[in-house]
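Chain letters run A, B, ... following the sequence lines, proteins first and then strands; every chain starts at 1.
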Amino acid sequence: MNAMSGKVPAKAVRQIEGVAIRFTGDSGDGMQLTGTKFTEATALAGNELATLPDYPAEIRAPAGTLAGVSGFQIHFSSKSVRTPADHPDVLVAFNPAALRANIDDVRPGGMVIVNSNSFTDKSLKRAGYAEDPRPSLRDRYAMVEIPLTRLNREVLKDLDISMRDADRCKNFFALGLMYWLYHRPMEPTERWLENRFKGDLLEANLRVLRAGHAFGETTELLPVSYIVPKAKIQPGVYRNVTGNTALAWGIVAAGALMQKDVFLGAYPITPASDVLHEVARHRHFGVKTFQAEDEISAISAAIGASFAGVLSVTTTSGPGFVLKQEALGLAVMAELPLVVIDIQRAGPSTGMPTKIEQADLLLALYGRNSDSPMPVIAPLSPGDCFYTVLEAFEWAVKYMTPVVVLSNGHLANSSEPWRIPDIETLSRPRITHWTDAKTFQPYARNPETLARPWAIPGTPGLEHRIGGLAKEQTTGNVSYDPENNEQMIRLRAEKVARIAVDIPPIEIDGPESGELLVVGWGGTFGAITSAVEAARVDGKPVSSIQLRHLNPFPTNLEQILRRFDKILVPELNQGQLVRLLRSEFLVPAIGMNKVRGQPFLIEELRARIDELLSEETSP
Amino acid sequence: MTDHFGKLTSKDFASDQDIRWCPGCGDYSVLANVQRVMPELGIPRENFVFVSGIGCSSRFPYYMNTYGFHTIHGRAPAFATGIKASRPDLSVWVVTGDGDGLSIGGNHLLHTIRRNIDIQILLFNNRVYGLTKGQYSPTSPIGMRTQSTPDGSIDHPIDPLAFALGAGATFVARTIDVDGPHLQQMLRRAHSHPGTALIEILQNCPVYNDNEWIEVEDRKSRINAALVLEDGEPLLFGSEDQRRGIRLHDGIPTVVELQKGEDPIAAGVAVHNERTQTPAYAFALASLKRPEFPLPIGVFRAVETATYDALLQGQVADAIVKRGAGSLYDLLHSGDTWTVGPS
Ligand code: SF4
């Protein structure tokens, strides 16, 4: 959208391709809720969209301070949308701290909507402003200054609710106004309020929402409203889903599809706890959740459940993933099926728990003592989290191995419209447990997959012992034989390598060969693809691939890498995949690294692509 | 081999693996007695699971011809929790030691006991690290000289049963490696208890801490050194002509000398009640230490309360009754959805 300054006839309606809006306020102002409701309405309006919530690590940081600012960005369009956008076109700031924390991100000339009642001396000081910033901002942005607190109180003055409760409704005033501004349907939010509140509180929220909308129609502060036409979207039934919800539903779905009980062991940790919460709501699927005393117990219990014959999974984030490594080594040795979901967050150590990074790849691959190979999959988008979990379970039971899923805090909390799969099209692997006592050997291997049999307690005649001590081939008895040990280590590695036959060849976005290939992995898919496609629109010879399978790699990866002169590997870490590609394939891949707790901006990827393409190709 | 419908014998519970404990180790006796009790429990052999951590005692599952899982150091209770929570039909036994269970695994032991999941925990207490060659353990006495404590240990020891009681244990017992009949009786009692049943087994390590429990292992000295707990009976010990009892006044124990023929109850000797609701009583028994007091053996506490596995299973069953068996279609279509038609 463009500058708001020109003289336009009252209440004009203008059509735009898309817009990115960021709602910001104190963590108590309900910004996440406002953003979520706006997202639902936008999805129903038929746009493509992507969102990014950004909330403070502190549960209740002091009100009005920069530390307490919470934000929610939504990017929606009539064209394809893959990221929440680098720079919002519109900023809604509920207080001076929110303004100060976010104003530098806003596109020059963008719209800034503020609550003018919040610009008191006290709150300016809390936000660290020496003087009122609005006068200087008016030159650079379309400032829309609304006395939000006062208007909101007026609407509610005859209701019997406290001033505090009244003030807490003002996010819905702003939401109503934004619904007017972008022609979004109000009904879904009204329906939600009716289910959520009763009596005066329901009345208050509904009134304020509608008053915000009506204010838009009448105020002279906003002379134009905007229509964002529907996007061309693949037919189907859609819903919004965050990565964490998709992971949780993948866990539940795995049990339903494989007709197995599921056991989830987890310990609360940001940003993974929501997966535990969501799965715990679905006990009627025969799913058991266990909140353990620590991360080690969570994975140990899950491995125990796997030994006992149920589908088992443990969920965590970086520091918790570290604690699980010893038990994970046992799962490799015992060759039991297990899914481990690590929702990576910014580190090292406790780091920035609510911020984004993808720096646990080498930990997943090499974080255990000795040679302890393990398959690794990384979802590309929130909706892909669902399929990734299903695939991980499928591998785990087919190959009798733990499988790691590497999501990240960005996928976890971002939502996107997700086409609900037709359940009939989802694969339903049949699980068979060994029963024949005459032929049973705990470590006999399937000649094709090298998997050992999954023989579970309660089966007569298959009583056997497993554990972490070195195993004799076939019998699984404890063995210190050097030859045997080397063969077993090779066999386990070979077993994981053979999973490659189940991985579809990776597809190139763009020309099949050429000057520059950008290689990403996991959750950076949206930004990388957007940047590469934009570069191609400008005529740049650049292609991209996004790796979902990190161990083993897709079998055609090497051929693809060799078809390009230059390889750029953007990662939200200090260079992990790039190291693997260089050592595995001896290709001169170049890293592009960012560890600021934030996702890649499309523009910074674009800049690096342009820079590489303008360099002389070395002989 | 006997099939599981026929009568099993202790031999059916012996695996074909060579036993690797040192000659004279107390673990042999415990193994033999466990193998003797298993066939009597009326459970098909394939429904037993033995789970262990790391240490000498944790080799135990390899020698049992049941399902077995030799896991990682200290975590056996957590593995067992996952097994029992997902398969309540199995009979799950944890074998651990004073180092494995109370040092590296203290946290898991605490929380397993507090949840009261229906498993049996056999804690072999030899007051030393055997497998790592003789360092002091969390139950070793102050002053114990080992390779890691050449000047004597300065750690205050923990009492396994006091620890378990503090965690809210519903069943705790103590027995002696070489006292077969008593050990077997404790195993049966632990098995029939619904909930976490912890048995401390006083076990001799002839290599690194020989004769630690000799006073109670030796039949002659046991009469004076041990107090055999019998439910409903007074707390008595000592030989016929030198009977003594334990009096509890405000929870503080004292030794009472009894005259020949004197009625112990009239003399104020406490009567053992395993079902005493307050754990303070069992805690007072756990505080009885040599040489001031006899060492109690037997069941200290046996009270019944809901088990974690049954409650969890109940929640799943309730959810199915209330909401019907889960439908994947309904889950994926829950909340707001919208349809995009063909353009
Ligand atoms: S070191 Fe001690 S406890 Fe370990 S096997 Fe030898 S005698 Fe038994």
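Of all the listed residues (A:Trp192, A:Phe263, A:Phe386, A:Phe290), the one sharing the greatest number of non-hydrogen pairs under 4.5 Å with chain B is A:Phe290. Contact tally against chain A (heavy-atom pairs below 4.5 Å) for B:Val92, B:Thr66, B:Asp89, B:Asp336: the top residue is B:Thr66. Comparing A:Ser300, A:Ala301, A:Gly304, A:Ala308 by how many heavy-atom pairs each has under 4.5 Å with chain B, the most go to A:Ser300. Listed options B:Val49, B:Asn107, B:Asp318 were ranked by heavy-atom pairs under 4.5 angstrom with chain A; first place goes to B:Asn107. Note on B:Gln315, B:Gln17, B:His333: by heavy-atom pairs under 4.5 Å with chain A, the leading option is B:His333. Ranked by heavy-atom pairs under 4.5 Å with chain A, the list B:Ala85, B:Ala317, B:Gly335 is led by B:Ala85. In terms of heavy-atom pairs under 4.5 angstrom with chain B, the leader among A:Arg465, A:Arg283, A:Arg191 is A:Arg465. Your options are A:Asp261, A:Val478, A:Leu462, and the one with the most heavy-atom pairs under 4.5 Å with chain B is A:Leu462. Taking chain B as the reference chain and counting heavy-atom pairs below 4.5 Å, the highest number among A:Gly236, A:Ala256, A:Gly329, A:Ala455 is found for A:Gly236. Chain A forms the most heavy-atom pairs under 4.5 Å with one residue out of B:Arg323, B:His111, B:Lys84, B:Arg75, and that residue is B:Arg323. Contact count versus chain A (heavy atoms, under 4.5 Å) is highest, among B:Thr71, B:Asn47, B:Ile320, B:Leu328, for B:Leu328. Of the listed residues A:Gly467, A:Ser306, A:Gly458, the one with more heavy-atom pairs under 4.5 angstrom with chain B than any other is A:Gly458.
In the displayed structure, A:Arg196 atom CZ is contacted under 6.0 Å by at most 12 heavy atoms of other residues, nucleotides or ligands. Applying the 6.0 Å contact sphere to CZ of B:Arg20 captures no more than 12 heavy atoms from other residues, nucleotides or ligands. When the shell of 6.0 Å around CH2 of A:Trp434 is examined, it contains 12 or fewer heavy atoms from other residues, nucleotides or ligands.
Proximity to chain A is limited to the side chain of B:Arg59, based on heavy atoms less than 4.5 angstrom apart. At a 4.5 Å heavy-atom cutoff, the contact between A:Leu469 and chain B is made by backbone and side-chain atoms alike. For B:Leu90, the part lying under 4.5 angstrom from a heavy atom of chain A is the side chain only. For A:Ile466, the parts lying near chain B are the backbone and the side chain together; criterion is any non-hydrogen pair under 4.5 Å. Looking at A:Asp422, there are no atoms closer than 4.5 Å to chain B (heavy atoms on both sides), in backbone or side chain. Interface remark: A:Val287 contributes backbone atoms only to the contact with chain B (heavy atom separation under 4.5 Å). For B:Ser334, the parts lying near chain A are the backbone and the side chain together; criterion is any non-hydrogen pair under 4.5 Å. For A:Val237, the parts lying near chain B are the backbone and the side chain together; criterion is any non-hydrogen pair under 4.5 Å. Contacts between A:Phe307 and chain B at a heavy-atom distance below 4.5 Å involve the side chain alone, from C-beta outward. No part of B:Phe48 comes within reach of chain A, as not one of its non-hydrogen atoms sits under 4.5 angstrom from that chain. If you measure heavy-atom distances from A:Thr289 to chain B, the contacts under 4.5 Å come from the backbone alone.
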Go through the steps for B:Thr307 and B:Asp309 under the test side chain to side chain donor-acceptor pair (under 3.5 Å), then give the verdict.
CA-CA 6 Å; B:Thr307 68; B:Asp309 43 303; 3.3 Å; yes

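Using modelled atom types, one finds no donor on one side chain facing an acceptor on the other under 3.5 Å when comparing B:Gln120 with B:His191. Donor-acceptor pairing under 3.5 Å is recorded for the side chains of A:Thr314 and A:Lys324. Under 3.5 Å, the side chains of A:Thr435 and A:Thr459 contain no donor-acceptor pair of N or O atoms. A donor-acceptor contact closer than 3.5 angstrom is absent between the side chains of A:Glu463 and B:Asn65.
Taking the six-membered ring where tryptophan is involved, the planes of B:Phe60 and B:Phe124 are perpendicular, since the angle between them exceeds 60° and thus also 30°. Ring geometry for A:Trp249 versus A:Trp418: interplanar angle of 30 to 60°, hence tilted. Aromatic ring orientation, B:Phe50 versus B:Trp93: parallel (interplanar angle below 30°, classes split at 30° and 60°).
Salt-bridge check for A:Lys438 with A:Asp436: failed, with every basic side-chain N at 4.0 Å or more from each acidic carboxylate O.
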